[in-house]
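Below you'll find the structure, written out as structure tokens, and then a few comments.
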Amino acid sequence: MSITGIILAVIVVGGTGLFIGVFLGVSDKKFAVETDEREDAILEVLPGNNCGGCGYAGCSGLAAAIVAGEAEVGGCPVGGAPVAEKIGAIMGVDAAAQERKTAYVKCAGTCEKAKTEYNYYGIKDCIMASQMQDGGAKSCAYGCLGYGSCVAACPFDAIHITDGIAVVDRDACKACGKCVDACPKHLIELIPYTQYTVVQCSSNDKGKSLMDACQVGCIGCRLCERSCEAGAITVNNFLARVDAEKCTNCGVCAEKCPRKIIKIRNINC
């Protein structure tokens, strides 16, 4: 190739690059989407975990929703009250005290306590196992399958499988709700961090059927309900539930429970 050809090629390539650069620069200014500076400020104070626990596609999605008035300033479950206060200051609103929450697994059916109907040799995944015969190998159709789908979903290493059931480290838990969504048995729920009295069962089976499947499950006997002076515990569909707003954590229901399935977490867990 001649020198002239090389020079022409350089000029053409350089000119093309210059044209594209100018075009992109003009387009960037012409079609730029204006963003509220508060959005960037909020994004800076958010934890940056992008866990989705707020219900939006990451921290940027939540920041945009807060500025648009579609989400509360305390919408980040990971940041909690400290982050809510900072976002409230940015938005010029008073951030109400955020109630800290934690995940809780409503099952005490460990390998020793819960019976199994058969051996499962499939993929070690709760969703897959739940699609097998009778909803899994455990005799209790409501029980934790113990294959750790919740563990895999947790971005904070706050939940682990211990003796065949999922157990939450409530101090490490950020209440993002990932484990709640991951559990095919719907065994995990978010409860107030200060709720110490809990029922470690989710079965709605009648007494005999429950006792045939698990040594510790709730049989709906109502002894706890009758013994609670605060009216904080009720039994519906053969399962006891605690109203955290009424509960005084006195421990009487736990003492009366013949199955010892009601726990006072700060004492027994």
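- In this structure, the side chains of Ile165 and Lys113 stay at 4.5 Å or more apart for every pair of heavy atoms.
- Atom SG of Cys253 and atom CD1 of Ile233 lie 4.5 Å apart (nearest 0.5 Å).
- Counted within 6.0 Å of CZ on Arg100, heavy atoms from surrounding residues, nucleotides or ligands total more than 12; the atom is thus considered enclosed.
- Here Thr194 contributes atom OG1 and Lys101 contributes atom NZ; the two are 10.5 Å apart, rounded to the nearest 0.5 Å.
- Hydrophobic cluster membership differs between Met211 and Val216, with clusters built from Ile, Leu, Val, Met, Phe, Trp and Tyr side chains linked at under 4.5 angstrom.
- Both Val180 and Val151 belong to a single network of hydrophobic side chains, linked directly or stepwise wherever heavy atoms of I, L, V, M, F, W or Y lie under 4.5 Å apart.
- The minimum heavy-atom distance between Lys178 and Pro155, with the atom names listed, is CG-CD, 4.1 Å.
- Connection of Tyr120 to Ile127 is not established within any shared hydrophobic cluster, with ILVMFWY side chains joined at heavy-atom distances below 4.5 Å, either directly or through further cluster members.
- Of the possible donor and acceptor atoms, one in the side chain of Glu225 sits under 3.5 Å from a partner among the backbone N and O of Val235.
- The backbone N or O of Asn237 sits less than 3.5 Å from a side-chain atom of Asn204, completing a donor-acceptor pair.
- In this structure, OG in Ser209 is found 12.0 Å from CD1 in Ile219, a value given to the nearest 0.5 Å.
- In this structure a side-chain-to-backbone donor-acceptor pair under 3.5 Å is present from Lys263 to Lys260.
- Residues Val83 and Met91 fall within the same hydrophobic cluster, defined by Ile, Leu, Val, Met, Phe, Trp and Tyr side chains chained together at heavy-atom separations under 4.5 Å.
- Ser203 OG to Leu187 CG: the interatomic distance, rounded to the nearest 0.5 Å, is 10.5 Å.
- Applying side-chain contact (heavy atoms from CB on, under 4.5 Å) to Ile188 and the options Cys144, Cys107, Cys183 leaves one that passes, Cys183.
- Cation-pi check for Arg170 over Tyr104 is not met; the charged atom does not lie both under 6.0 angstrom from the ring centroid and within 45 degrees of its normal.
- Screening Gln200, His186, Glu189 for a side-chain contact (heavy atoms from CB on, under 4.5 Å) with Lys106, the sole residue that qualifies is Glu189.
- Put simply, the side chain of Lys185 reaches to within 4.5 Å of the side chain of Leu145, judged on heavy atoms.
- Two different hydrophobic clusters hold Val105 and Ile191 under the rule that ILVMFWY side chains link at heavy-atom gaps under 4.5 Å.
- Judged by distance alone, with hydrogens and angles left aside, the side-chain atoms of Arg259 form no donor-acceptor pair with the main-chain N or O of Cys218 at under 3.5 Å.
- Val242 is not listed as a side-chain neighbour of Val198, based on a closest heavy-atom distance of 4.5 Å or more.
- With hydrogens and angles ignored, the 3.5 Å screen pairs no side-chain donor or acceptor of Asp169 with any backbone N or O of Ala158.
- Although no hydrogens or angles enter the test, the distance criterion places a donor-acceptor pair under 3.5 Å between the side chain of Tyr118 and the main chain of Gly136.
- A heavy-atom distance below 4.5 Å is found between the side chains of Tyr56 and Glu70.
- Each of Cys214, Cys201, Ser202 was checked for a side-chain contact (heavy atoms from CB on, under 4.5 Å) with Tyr142, and the lone residue meeting it is Ser202.
- From Asp205, atom CG reaches atom CG of Asp212 across 10.0 Å, with rounding to the nearest 0.5 Å.
- Residues Ile90 and Ile66 are not in side-chain contact: their nearest non-hydrogen atoms beyond the backbone lie 4.5 Å or more apart.
- In this structure a side-chain-to-backbone donor-acceptor pair under 3.5 Å is missing from Glu85 to Ile87.
- Two residues are said to be in side-chain contact when any heavy atoms from C-beta on lie closer than 4.5 Å; Glu117 and Ser139 meet this criterion.
- Within the 4.5 Å cutoff, the side chain of Thr234 has no heavy atoms near those of the Asp243 side chain.
- For the pair Lys174/Cys51, no side-chain contact is recorded, criterion being any heavy-atom separation below 4.5 Å from C-beta on.
- Checking Asp181, Val168, Ile159 one by one against Cys150, the side-chain contact (heavy atoms from CB on, under 4.5 Å) holds for a single residue, Ile159.
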